[in-house]
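What's counted below: heavy atoms across the whole structure, side chains too, no hydrogens, waters or symmetry copies. Order of the sequence lines fixes the chain letters, A, B, ..., with proteins taken first and strands second; residue numbering starts at 1 for each chain.
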Amino acid sequence: MPPDLPDVVQLAVPLYLLSILFEMTVGLLRGSARYETRDTLASLAMAVLYLVVGLSLGFLAVGFQRAVQQRFGLFDWGWSLPAFALCFVLDDLRKYWLHRTQHRCRWFWAAHVTHHSSQHYNFATALRNPPTALFTLPFVFRIPLLVLGFPIEMVLFVAGLNSLYQFFTHTELIGRLPAPIEFVFTTPSHHRVHHATNPRYLDANYGPVFILWDRIFGTFVEETDQDACRYGLVKNLGSFGPLRVSVHEWVTMAQDALAPGLTLGQRLQYVFGEPGYSHDGQRETTAMIRARHAAASARVLPEP
Amino acid sequence: MSLAVLVPLILFGVALVPTLSWAFGWSALASLTPDLARQRFLLDHPEAEVHEVTVAADGLAALLWLGSETGIVFVVGDRFATRKLRGARIQCDSEGLVVRFREFGVQPLRITLAPPSRSVWQERLLAT
(Lines give C-alpha, C1' and ligand atoms only; values in the text may rest on other atoms or scores of the structure.)
Protein backbone atom coordinates (compact mmCIF):
# COMPACT_ATOMS: atom_id res chain seq x y z
CA MET A 1 0.00 0.00 0.00
CA PRO A 2 1.61 3.33 -0.99
CA PRO A 3 2.01 5.94 1.75
CA ASP A 4 0.08 9.17 1.37
CA LEU A 5 2.71 11.27 -0.40
CA PRO A 6 2.16 15.01 -0.81
CA ASP A 7 2.41 16.93 -4.06
CA VAL A 8 5.64 18.73 -3.27
CA VAL A 9 5.36 21.33 -6.00
CA GLN A 10 1.87 22.44 -4.93
CA LEU A 11 2.93 22.62 -1.29
CA ALA A 12 5.90 24.74 -2.33
CA VAL A 13 3.79 27.52 -3.90
CA PRO A 14 3.88 29.72 -0.75
CA LEU A 15 7.63 29.13 -0.50
CA TYR A 16 8.09 30.19 -4.14
CA LEU A 17 6.11 33.37 -3.53
CA LEU A 18 8.05 34.26 -0.38
CA SER A 19 11.36 33.58 -2.14
CA ILE A 20 10.46 35.91 -5.01
CA LEU A 21 9.44 38.65 -2.57
CA PHE A 22 12.71 38.16 -0.66
CA GLU A 23 14.78 38.36 -3.85
CA MET A 24 12.92 41.50 -4.95
CA THR A 25 13.50 43.11 -1.54
CA VAL A 26 17.22 42.39 -1.68
CA GLY A 27 17.32 43.80 -5.23
CA LEU A 28 15.59 46.94 -4.01
CA LEU A 29 17.88 47.38 -1.00
CA ARG A 30 21.02 46.82 -3.04
CA GLY A 31 19.78 49.09 -5.81
CA SER A 32 20.40 46.35 -8.33
CA ALA A 33 17.06 45.43 -9.85
CA ARG A 34 16.99 41.84 -11.02
CA TYR A 35 13.33 41.99 -12.04
CA GLU A 36 11.51 43.71 -14.90
CA THR A 37 7.75 44.03 -14.64
CA ARG A 38 6.72 42.72 -18.08
CA ASP A 39 9.32 39.97 -17.96
CA THR A 40 8.13 38.88 -14.52
CA LEU A 41 4.50 38.95 -15.62
CA ALA A 42 5.39 36.80 -18.64
CA SER A 43 7.18 34.29 -16.39
CA LEU A 44 4.24 34.06 -14.01
CA ALA A 45 1.80 33.74 -16.90
CA MET A 46 3.84 30.77 -18.16
CA ALA A 47 3.72 29.23 -14.68
CA VAL A 48 -0.07 29.53 -14.56
CA LEU A 49 -0.54 28.15 -18.09
CA TYR A 50 1.82 25.28 -17.29
CA LEU A 51 -0.19 24.47 -14.18
CA VAL A 52 -3.51 24.64 -16.05
CA VAL A 53 -2.26 22.26 -18.76
CA GLY A 54 -0.81 19.95 -16.11
CA LEU A 55 -4.02 19.85 -14.08
CA SER A 56 -6.12 19.37 -17.23
CA LEU A 57 -4.08 16.76 -19.09
CA GLY A 58 -1.51 15.50 -16.63
CA PHE A 59 -3.75 12.60 -15.64
CA LEU A 60 -3.25 11.11 -19.12
CA ALA A 61 0.52 11.07 -18.68
CA VAL A 62 0.20 9.67 -15.16
CA GLY A 63 -2.24 7.00 -16.38
CA PHE A 64 0.20 5.94 -19.10
CA GLN A 65 3.08 5.75 -16.64
CA ARG A 66 1.02 3.79 -14.12
CA ALA A 67 0.06 1.30 -16.84
CA VAL A 68 3.72 0.88 -17.88
CA GLN A 69 4.80 0.26 -14.28
CA GLN A 70 2.00 -2.21 -13.60
CA ARG A 71 2.44 -4.11 -16.89
CA PHE A 72 6.24 -4.13 -17.20
CA GLY A 73 7.62 -3.32 -13.72
CA LEU A 74 10.36 -5.86 -12.92
CA PHE A 75 11.03 -5.44 -9.19
CA ASP A 76 9.12 -4.60 -6.03
CA TRP A 77 11.15 -1.93 -4.22
CA GLY A 78 8.79 -1.40 -1.33
CA TRP A 79 8.54 2.02 0.33
CA SER A 80 11.78 2.09 2.29
CA LEU A 81 14.03 5.11 2.57
CA PRO A 82 16.81 3.48 0.48
CA ALA A 83 14.24 2.84 -2.25
CA PHE A 84 13.26 6.52 -2.22
CA ALA A 85 16.95 7.54 -2.26
CA LEU A 86 17.77 5.26 -5.18
CA CYS A 87 14.68 6.44 -7.06
CA PHE A 88 15.72 10.07 -6.45
CA VAL A 89 19.23 9.52 -7.85
CA LEU A 90 18.02 7.55 -10.88
CA ASP A 91 15.29 10.11 -11.53
CA ASP A 92 17.93 12.83 -11.49
CA LEU A 93 19.94 10.88 -14.06
CA ARG A 94 16.77 10.50 -16.13
CA LYS A 95 16.20 14.24 -15.89
CA TYR A 96 19.79 14.95 -16.96
CA TRP A 97 19.23 13.07 -20.21
CA LEU A 98 15.81 14.57 -20.77
CA HIS A 99 17.24 18.04 -20.21
CA ARG A 100 20.15 17.36 -22.54
CA THR A 101 17.71 16.15 -25.20
CA GLN A 102 15.58 19.26 -24.68
CA HIS A 103 18.58 21.30 -25.77
CA ARG A 104 19.83 19.07 -28.58
CA CYS A 105 16.59 18.09 -30.34
CA ARG A 106 14.38 20.83 -31.73
CA TRP A 107 11.14 18.92 -31.02
CA PHE A 108 11.86 19.15 -27.30
CA TRP A 109 13.56 22.54 -27.57
CA ALA A 110 10.40 24.03 -29.10
CA ALA A 111 8.79 23.69 -25.67
CA HIS A 112 11.82 24.08 -23.41
CA VAL A 113 12.93 27.32 -25.09
CA THR A 114 10.16 29.07 -23.14
CA HIS A 115 12.05 28.46 -19.90
CA HIS A 116 15.18 30.08 -21.35
CA SER A 117 13.47 33.02 -23.01
CA SER A 118 13.90 35.54 -20.19
CA GLN A 119 16.91 37.83 -20.29
CA HIS A 120 16.66 37.98 -16.51
CA TYR A 121 17.76 35.32 -14.06
CA ASN A 122 15.71 35.18 -10.91
CA PHE A 123 13.21 33.03 -9.04
CA ALA A 124 10.41 34.14 -11.38
CA THR A 125 12.43 32.75 -14.29
CA ALA A 126 12.45 29.41 -12.48
CA LEU A 127 8.66 29.37 -12.80
CA ARG A 128 8.71 30.19 -16.53
CA ASN A 129 7.72 26.64 -17.38
CA PRO A 130 6.70 25.69 -20.90
CA PRO A 131 2.94 25.15 -21.20
CA THR A 132 3.54 23.01 -24.30
CA ALA A 133 6.01 20.66 -22.59
CA LEU A 134 3.49 17.86 -22.10
CA PHE A 135 2.94 17.64 -25.86
CA THR A 136 6.59 16.68 -26.44
CA LEU A 137 5.91 13.52 -24.36
CA PRO A 138 8.79 14.03 -21.90
CA PHE A 139 7.40 11.31 -19.62
CA VAL A 140 8.70 8.62 -21.99
CA PHE A 141 12.07 9.28 -20.33
CA ARG A 142 10.56 7.83 -17.14
CA ILE A 143 9.95 4.43 -18.75
CA PRO A 144 13.26 2.92 -17.52
CA LEU A 145 12.41 3.85 -13.93
CA LEU A 146 8.93 2.40 -14.28
CA VAL A 147 10.22 -0.77 -15.89
CA LEU A 148 12.61 -1.11 -12.95
CA GLY A 149 9.44 -1.22 -10.88
CA PHE A 150 9.49 2.07 -8.98
CA PRO A 151 5.86 2.96 -8.26
CA ILE A 152 4.53 6.02 -10.03
CA GLU A 153 3.67 7.68 -6.67
CA MET A 154 7.32 7.43 -5.61
CA VAL A 155 8.57 8.62 -9.00
CA LEU A 156 6.30 11.68 -8.96
CA PHE A 157 7.25 12.46 -5.35
CA VAL A 158 10.99 12.47 -6.00
CA ALA A 159 10.44 14.45 -9.22
CA GLY A 160 8.62 17.05 -7.11
CA LEU A 161 11.56 17.27 -4.69
CA ASN A 162 13.84 17.60 -7.69
CA SER A 163 11.80 20.52 -9.08
CA LEU A 164 11.81 22.20 -5.68
CA TYR A 165 15.61 22.00 -5.52
CA GLN A 166 15.93 23.38 -9.04
CA PHE A 167 13.84 26.43 -8.19
CA PHE A 168 16.50 27.62 -5.75
CA THR A 169 19.28 27.42 -8.33
CA HIS A 170 17.65 30.26 -10.31
CA THR A 171 19.17 33.23 -8.53
CA GLU A 172 22.05 35.66 -8.71
CA LEU A 173 21.89 36.25 -4.96
CA ILE A 174 24.14 33.31 -4.21
CA GLY A 175 27.70 33.39 -5.53
CA ARG A 176 29.80 30.25 -5.19
CA LEU A 177 29.26 27.63 -2.51
CA PRO A 178 32.05 25.63 -0.79
CA ALA A 179 34.04 23.50 -3.24
CA PRO A 180 32.75 20.06 -2.11
CA ILE A 181 29.15 21.23 -2.66
CA GLU A 182 30.03 22.77 -6.03
CA PHE A 183 31.67 19.49 -7.03
CA VAL A 184 28.68 17.26 -6.33
CA PHE A 185 25.56 19.40 -6.53
CA THR A 186 24.12 21.78 -9.10
CA THR A 187 24.43 25.24 -7.57
CA PRO A 188 23.17 28.66 -8.65
CA SER A 189 26.60 29.26 -10.22
CA HIS A 190 26.35 26.11 -12.34
CA HIS A 191 22.81 26.87 -13.41
CA ARG A 192 23.62 30.49 -14.28
CA VAL A 193 26.05 29.04 -16.81
CA HIS A 194 23.28 26.84 -18.14
CA HIS A 195 21.03 29.87 -18.75
CA ALA A 196 23.79 32.00 -20.27
CA THR A 197 24.18 32.74 -23.97
CA ASN A 198 27.92 33.46 -23.86
CA PRO A 199 29.38 31.12 -26.50
CA ARG A 200 31.59 29.20 -24.06
CA TYR A 201 28.62 28.54 -21.77
CA LEU A 202 26.21 27.21 -24.40
CA ASP A 203 24.73 23.72 -23.90
CA ALA A 204 26.34 23.03 -20.55
CA ASN A 205 25.40 22.04 -16.99
CA TYR A 206 22.22 20.06 -17.52
CA GLY A 207 22.27 18.31 -14.14
CA PRO A 208 19.13 19.10 -12.13
CA VAL A 209 20.40 18.23 -8.61
CA PHE A 210 23.71 16.46 -9.20
CA ILE A 211 26.25 18.31 -11.34
CA LEU A 212 28.21 15.05 -11.21
CA TRP A 213 26.29 13.89 -14.30
CA ASP A 214 27.79 16.78 -16.29
CA ARG A 215 31.25 15.99 -14.98
CA ILE A 216 30.80 12.32 -15.95
CA PHE A 217 29.27 12.93 -19.39
CA GLY A 218 31.53 15.85 -20.38
CA THR A 219 29.04 18.73 -20.37
CA PHE A 220 30.32 20.62 -17.33
CA VAL A 221 31.47 24.24 -17.68
CA GLU A 222 32.63 26.41 -14.78
CA GLU A 223 31.38 29.98 -14.33
CA THR A 224 34.22 32.50 -14.52
CA ASP A 225 34.35 36.11 -13.38
CA GLN A 226 35.98 37.09 -16.70
CA ASP A 227 32.92 36.01 -18.68
CA ALA A 228 29.86 37.35 -16.86
CA CYS A 229 26.69 35.49 -17.77
CA ARG A 230 24.34 37.06 -20.29
CA TYR A 231 20.95 35.39 -20.05
CA GLY A 232 18.30 34.55 -22.58
CA LEU A 233 18.50 33.08 -26.06
CA VAL A 234 21.09 33.31 -28.81
CA LYS A 235 18.34 35.22 -30.65
CA ASN A 236 16.34 36.90 -27.93
CA LEU A 237 12.59 37.24 -28.16
CA GLY A 238 11.01 40.54 -29.14
CA SER A 239 7.85 40.11 -27.15
CA PHE A 240 6.51 39.44 -23.66
CA GLY A 241 3.16 38.16 -24.98
CA PRO A 242 2.30 34.77 -23.44
CA LEU A 243 1.30 33.30 -26.81
CA ARG A 244 4.53 34.34 -28.53
CA VAL A 245 6.65 33.27 -25.56
CA SER A 246 5.03 29.83 -25.35
CA VAL A 247 4.62 28.82 -29.01
CA HIS A 248 7.06 30.91 -31.07
CA GLU A 249 9.48 28.07 -31.70
CA TRP A 250 6.68 25.67 -32.69
CA VAL A 251 5.49 28.20 -35.28
CA THR A 252 8.98 28.80 -36.65
CA MET A 253 9.66 25.06 -36.70
CA ALA A 254 6.47 24.46 -38.69
CA GLN A 255 7.38 27.26 -41.12
CA ASP A 256 10.81 25.69 -41.63
CA ALA A 257 9.61 22.11 -41.99
CA LEU A 258 6.77 22.98 -44.38
CA ALA A 259 8.78 25.32 -46.61
CA PRO A 260 8.63 24.36 -50.29
CA GLY A 261 11.45 22.58 -52.07
CA LEU A 262 12.92 20.57 -49.20
CA THR A 263 13.71 16.87 -49.12
CA LEU A 264 12.05 14.65 -46.51
CA GLY A 265 15.37 14.36 -44.70
CA GLN A 266 15.71 18.13 -44.47
CA ARG A 267 12.16 18.46 -43.13
CA LEU A 268 12.86 15.83 -40.48
CA GLN A 269 16.09 17.62 -39.55
CA TYR A 270 14.12 20.82 -39.01
CA VAL A 271 11.86 19.00 -36.55
CA PHE A 272 14.15 16.49 -34.84
CA GLY A 273 17.62 17.82 -35.63
CA GLU A 274 19.65 20.22 -33.54
CA PRO A 275 18.21 23.68 -32.92
CA GLY A 276 19.94 26.02 -35.36
CA TYR A 277 20.03 23.47 -38.17
CA SER A 278 19.37 24.90 -41.63
CA HIS A 279 19.56 23.13 -44.97
CA ASP A 280 21.32 26.10 -46.59
CA GLY A 281 23.79 26.89 -43.81
CA GLN A 282 22.15 30.23 -43.05
CA ARG A 283 21.91 29.51 -39.33
CA GLU A 284 24.23 28.19 -36.68
CA THR A 285 23.88 25.39 -34.17
CA THR A 286 25.39 25.95 -30.73
CA ALA A 287 28.32 23.70 -31.69
CA MET A 288 29.03 26.02 -34.65
CA ILE A 289 28.80 29.12 -32.43
CA ARG A 290 31.18 27.60 -29.88
CA ALA A 291 33.63 26.59 -32.62
CA ARG A 292 33.54 30.07 -34.20
CA HIS A 293 34.07 31.67 -30.79
CA ALA A 294 36.96 29.30 -29.96
CA ALA A 295 38.62 30.05 -33.30
CA ALA A 296 38.23 33.81 -32.77
CA SER A 297 39.61 33.53 -29.23
CA ALA A 298 42.61 31.53 -30.47
CA ARG A 299 43.39 34.27 -33.02
CA VAL A 300 43.60 36.99 -30.36
CA LEU A 301 45.73 34.95 -27.96
CA PRO A 302 49.35 36.16 -27.83
CA GLU A 303 52.10 34.02 -29.32
CA PRO A 304 53.75 31.78 -26.70
CA MET B 1 -3.08 21.52 -0.92
CA SER B 2 -6.63 21.86 -2.15
CA LEU B 3 -7.45 23.87 -5.24
CA ALA B 4 -9.60 26.15 -3.09
CA VAL B 5 -6.42 27.34 -1.38
CA LEU B 6 -3.96 26.93 -4.25
CA VAL B 7 -5.85 28.95 -6.87
CA PRO B 8 -6.41 32.12 -4.75
CA LEU B 9 -2.80 31.94 -3.54
CA ILE B 10 -1.48 31.76 -7.11
CA LEU B 11 -3.75 34.58 -8.26
CA PHE B 12 -2.63 36.68 -5.30
CA GLY B 13 1.03 36.04 -6.17
CA VAL B 14 0.56 36.76 -9.87
CA ALA B 15 -1.09 40.07 -9.00
CA LEU B 16 1.27 41.05 -6.17
CA VAL B 17 4.69 40.42 -7.70
CA PRO B 18 4.31 42.45 -10.94
CA THR B 19 2.52 45.22 -9.00
CA LEU B 20 5.46 45.48 -6.61
CA SER B 21 7.88 45.38 -9.52
CA TRP B 22 6.01 48.27 -11.13
CA ALA B 23 5.89 50.17 -7.81
CA PHE B 24 9.65 49.73 -7.39
CA GLY B 25 10.17 51.41 -10.77
CA TRP B 26 11.29 48.31 -12.62
CA SER B 27 9.08 48.99 -15.64
CA ALA B 28 11.22 51.63 -17.30
CA LEU B 29 12.19 50.87 -20.88
CA ALA B 30 15.82 50.88 -21.93
CA SER B 31 16.93 53.54 -24.39
CA LEU B 32 19.45 53.26 -27.19
CA THR B 33 22.31 55.52 -28.19
CA PRO B 34 24.38 54.95 -31.35
CA ASP B 35 27.33 53.58 -29.36
CA LEU B 36 25.15 51.31 -27.26
CA ALA B 37 23.35 50.02 -30.36
CA ARG B 38 26.67 49.27 -32.08
CA GLN B 39 28.07 47.50 -29.00
CA ARG B 40 24.93 45.49 -28.43
CA PHE B 41 24.70 44.40 -32.07
CA LEU B 42 28.33 43.32 -32.17
CA LEU B 43 27.83 41.26 -29.04
CA ASP B 44 25.39 39.05 -30.96
CA HIS B 45 27.05 39.41 -34.38
CA PRO B 46 30.80 39.76 -33.74
CA GLU B 47 31.62 39.17 -37.42
CA ALA B 48 29.59 42.19 -38.59
CA GLU B 49 31.09 45.48 -39.77
CA VAL B 50 28.89 48.35 -38.71
CA HIS B 51 29.21 51.31 -41.08
CA GLU B 52 26.41 53.52 -39.87
CA VAL B 53 23.94 53.64 -36.97
CA THR B 54 20.65 55.51 -36.87
CA VAL B 55 18.68 55.53 -33.63
CA ALA B 56 14.91 55.93 -33.83
CA ALA B 57 13.44 59.18 -32.54
CA ASP B 58 12.03 57.43 -29.46
CA GLY B 59 15.30 55.57 -28.72
CA LEU B 60 13.55 52.21 -28.82
CA ALA B 61 15.28 50.86 -31.92
CA ALA B 62 18.33 51.46 -34.05
CA LEU B 63 19.10 50.56 -37.64
CA LEU B 64 22.65 49.57 -38.52
CA TRP B 65 24.05 49.59 -42.04
CA LEU B 66 26.39 46.62 -42.42
CA GLY B 67 27.64 47.32 -45.93
CA SER B 68 25.29 45.12 -47.90
CA GLU B 69 22.52 44.45 -45.42
CA THR B 70 20.79 45.99 -42.44
CA GLY B 71 20.84 45.06 -38.79
CA ILE B 72 18.52 46.18 -36.06
CA VAL B 73 18.72 46.53 -32.30
CA PHE B 74 15.47 47.03 -30.43
CA VAL B 75 14.40 47.45 -26.86
CA VAL B 76 12.71 44.57 -25.02
CA GLY B 77 11.78 45.92 -21.61
CA ASP B 78 15.02 46.92 -19.94
CA ARG B 79 17.07 44.72 -22.30
CA PHE B 80 17.67 44.44 -26.05
CA ALA B 81 17.36 42.05 -28.94
CA THR B 82 19.14 42.13 -32.28
CA ARG B 83 18.43 40.80 -35.75
CA LYS B 84 19.53 41.10 -39.33
CA LEU B 85 16.63 42.29 -41.45
CA ARG B 86 17.14 39.56 -44.05
CA GLY B 87 13.70 38.13 -44.91
CA ALA B 88 11.70 40.65 -42.87
CA ARG B 89 8.80 42.53 -44.48
CA ILE B 90 9.39 46.28 -44.45
CA GLN B 91 6.63 48.82 -44.81
CA CYS B 92 7.41 52.50 -45.21
CA ASP B 93 5.07 55.22 -44.03
CA SER B 94 5.10 58.89 -43.16
CA GLU B 95 6.71 58.33 -39.77
CA GLY B 96 9.35 55.80 -40.69
CA LEU B 97 9.17 52.02 -41.00
CA VAL B 98 7.20 49.06 -39.80
CA VAL B 99 9.23 45.83 -39.68
CA ARG B 100 7.49 42.47 -39.64
CA PHE B 101 9.76 39.49 -38.99
CA ARG B 102 9.17 36.03 -40.34
CA GLU B 103 9.69 34.55 -36.90
CA PHE B 104 6.75 34.53 -34.54
CA GLY B 105 8.87 35.44 -31.51
CA VAL B 106 9.21 39.10 -32.51
CA GLN B 107 6.18 41.32 -32.69
CA PRO B 108 6.02 43.94 -35.47
CA LEU B 109 8.26 46.92 -34.77
CA ARG B 110 7.52 50.54 -35.56
CA ILE B 111 10.66 52.58 -36.10
CA THR B 112 10.10 56.30 -36.00
CA LEU B 113 12.73 58.16 -38.00
CA ALA B 114 13.43 61.86 -38.43
CA PRO B 115 12.94 63.14 -42.03
CA PRO B 116 16.57 63.18 -43.28
CA SER B 117 17.38 59.64 -42.20
CA ARG B 118 13.87 58.38 -42.99
CA SER B 119 14.28 58.73 -46.74
CA VAL B 120 17.83 57.31 -46.66
CA TRP B 121 16.73 54.17 -44.83
CA GLN B 122 13.54 53.77 -46.82
CA GLU B 123 15.49 53.86 -50.08
CA ARG B 124 18.20 51.57 -48.71
CA LEU B 125 15.78 48.99 -47.35
CA LEU B 126 13.62 48.94 -50.42
CA ALA B 127 16.73 48.39 -52.54
CA THR B 128 18.04 45.41 -50.51
Heavy-atom side-chain contact between L20(B) and Y35(A) under 4.5 Å: no
Flag if over 12 foreign heavy atoms under 6.0 Å of CD, E49(B): no
Any donor-acceptor pair under 3.5 Å from R79(B) side chain to Q119(A) backbone: yes
Proximity breakdown for L51(A) and chain B, heavy-atom pairs closer than 4.5 Å: side chain
Stepwise salt bridge (Lys or Arg N to Asp or Glu O under 4.0 Å) test for R102(B) and D256(A): CA-CA 11 Å; R102(B) 182 174 172 270; D256(A) 289 338; 3.5 Å; yes
Heavy-atom pairs under 4.5 Å with chain A, option from V5(B), L43(B), I10(B) with the top count: L43(B)
Side chain to side chain, F240(A) and V76(B), heavy atoms closer than 4.5 Å: yes
Chain A contact via L3(B) - which portion, at a heavy-atom distance below 4.5 Å: side chain
Under 4.5 Å from any heavy atom of chain B - which part of P199(A): neither
Contact origin within F12(B) toward chain A - heavy atom pairs under 4.5 Å: side chain
Check: E103(B) and E249(A) side chains under 4.5 Å, non-hydrogen atoms: no
Gap between atom OG of S27(B) and atom CG of D39(A) - 0.5 Å precision: 11.0 Å
L6(B) portion near chain A, given a 4.5 angstrom heavy-atom threshold: side chain
Toward chain B, the part of L21(A) with a non-hydrogen atom under 4.5 Å: side chain
Heavy-atom pair count under 4.5 Å with chain B, highest-scoring of L127(A), D7(A), V251(A): V251(A)
Approximate separation, where rounding is to 0.5 Å, of M24(A) CE and F24(B) CZ: 5.5 Å
R124(B), CZ atom: more than 12 neighbouring heavy atoms under 6.0 Å: yes
Part of L109(B) within contact of chain A (heavy atom distance under 4.5 Å): neither
Note, L28(A) side chain near W26(B) side chain (heavy atom, < 4.5 Å): yes
Neighbour count >12 (heavy atoms, 6.0 Å) for atom OH, Y121(A): yes
Region of L55(A) in contact with chain B, defined by heavy-atom distances below 4.5 Å: side chain
Winner by heavy-atom pair count (cut-off under 4.5 Å) against chain B, out of V48(A), L41(A), V245(A): L41(A)
Evaluation steps, side chain to side chain contact (heavy atoms under 4.5 Å, CB included), between V17(B) and L17(A): CA-CA 8 Å; V17(B) 171; L17(A) 182 57; 3.8 Å; yes
Closest contact, heavy atoms only, V247(A) versus F104(B): CG2-CE2, 3.6 Å
N198(A) portion near chain B, given a 4.5 angstrom heavy-atom threshold: neither
Donor-acceptor contact present, side-chain S239(A) to main-chain G105(B), <3.5 Å: no
Nearest-0.5 Å distance that lies between atom CG in N236(A) and atom CZ in F74(B): 8.5 Å
Non-hydrogen side-chain atoms of L29(B) and R38(A) separated by less than 4.5 Å: yes
From CZ (R34(A)) to OG (S21(B)), nearest 0.5 Å: 13.5 Å
Side-chain touch T82(B)/K235(A), heavy atoms, less than 4.5 angstrom: no
